[in-house]
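What follows is a single structure, written as structure tokens, with notes after it.
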Amino acid sequence: QVQLVESGGGLVQAGGSLRLSCAASGRFFGIIAMGWYRQAPGKQRELVAHITNDDSTKYADSVKGRFTISGDNAKNIVFLQRNSLKPEDTAVYYCNAGARMFGGGFLEVWGQGTLVTVSS
């Protein structure tokens, strides 16, 4: 009932920039929060950045000052602008959303993931 479509991954050199986007669609009452997680090879999935529908944000310490999360509430889209990329930012990035459903339920959904590779 809620689908997430991610875009913007790819290969970039260290020091470069990339922007990820994630659009939520489907039949739901509203999006409560959206965020980005990442999983590097051999590591656990970790939170990168998170934004609520009142624009409250949270960042992992490792990306503060380099990454910026923003959202378009009307279009249910979230962006992750990533600057000064480092090889250690290489990972599969996953979009995550929490949606309020019609009838009052809550649903958490994940995107399919997009690979970001930062070359040194």
Do you know the tightest heavy-atom contact between [X] and [Y]?
| X | Y | answer |
| --- | --- | --- |
| L18 | L85 | N-CD1, 3.9 Å |
| V92 | G113 | CG1-CA, 3.9 Å |
| R38 | S62 | NH2-OG, 3.4 Å |
| M101 | R27 | CE-O, 3.4 Å |
| V2 | A99 | CG2-CB, 4.1 Å |
| Y59 | K64 | O-CE, 3.5 Å |

[atom2] on [Y] to [atom1] on [X], rounded to 0.5 Å:
| X | Y | atom1 | atom2 | result |
| --- | --- | --- | --- | --- |
| K75 | S25 | NZ | OG | 14.5 Å |
| R19 | N83 | CZ | CG | 11.5 Å |
| L115 | L11 | CG | CG | 9.0 Å |
| I51 | I31 | CD1 | CD1 | 12.5 Å |
| T68 | L80 | OG1 | CG | 8.0 Å |

Do the non-hydrogen side-chain atoms of [X] and [Y] ever get within less than 4.5 Å of each other?
| X | Y | answer |
| --- | --- | --- |
| W36 | L47 | no |
| L4 | M34 | yes |
| V78 | I69 | yes |
| F79 | I77 | yes |
| Q112 | E6 | yes |
| Q81 | F67 | no |

task = Provide the full list of disulfide bond (SG atoms under 2.5 Å apart) pairs with a residue in residues 70-120, sequence neighbours left out, each pair given once.
result =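 Applying disulfide bond (SG atoms under 2.5 Å apart) to every pair that reaches into residues 70-120, excluding sequence neighbours, yields C22-C95.
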key: Residue pairs passing the disulfide bond (SG atoms under 2.5 Å apart) test where at least one lies in residues 57-87, sequence neighbours excluded   =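 Residue pairs passing disulfide bond (SG atoms under 2.5 Å apart), neighbours aside: none found.
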inquiry  = Is it the case that over 12 heavy atoms from other parts of the model lie below 6.0 angstrom from the CD atom of E88?
reply    =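 Enclosed.
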message = If you count every heavy atom of other residues, nucleotides or ligands that lies below 6.0 Å from Q1 atom CD, does the total exceed 12?
response =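 Incorrect, the count does not exceed 12.
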query = Passes side-chain contact (heavy atoms from CB on, under 4.5 Å), N96 versus V109? Steps please.
reply = CA-CA 6 Å; N96 172 272; V109 293; over 6 Å; no
query = Looking just at side-chain N and O atoms, do T90 and T117 make a donor-acceptor pair shorter than 3.5 Å?
reply =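 No donor-acceptor contact under 3.5 Å links the two side chains.
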key: Residues forming a side-chain contact (heavy atoms from CB on, under 4.5 Å) with R100, sequence neighbours excluded   =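 Checked R100 against side-chain contact (heavy atoms from CB on, under 4.5 Å); matches are F29, I32, F106.
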key: For A33, all residues meeting side-chain contact (heavy atoms from CB on, under 4.5 Å), sequence neighbours excluded   =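 By the side-chain contact (heavy atoms from CB on, under 4.5 Å) rule, A33 matches H50, T52.
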ask   = Taking only residues two or more places apart in sequence, or in another chain, which ones meet R82 in a salt bridge (charged side-chain N to carboxylate O under 4.0 Å, His left out)?
value =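 Once residues adjacent in sequence are excluded, R82 has no partner under the salt bridge (charged side-chain N to carboxylate O under 4.0 Å, His left out) criterion.
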request  = For side-chain contact (heavy atoms from CB on, under 4.5 Å), just list the numbers for N76 and F28, CA-CA rounded to whole Å, side-chain angles, deciding distance to a tenth of an Å, and then say yes or no.
outcome  = CA-CA 11 Å; N76 295 316; F28 50 88; 3.5 Å; yes
ask   = Can you name the ring-ring contact (aromatic ring centres under 6.0 Å, His included) partners of Y37, sequence neighbours left out?
value =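 With neighbours one apart ignored, the set is W110.
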message = Between K86 and D89, does any side-chain N to carboxylate O distance fall below 4.0 Å?
response =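 No, no charged N to carboxylate O under 4.0 Å.
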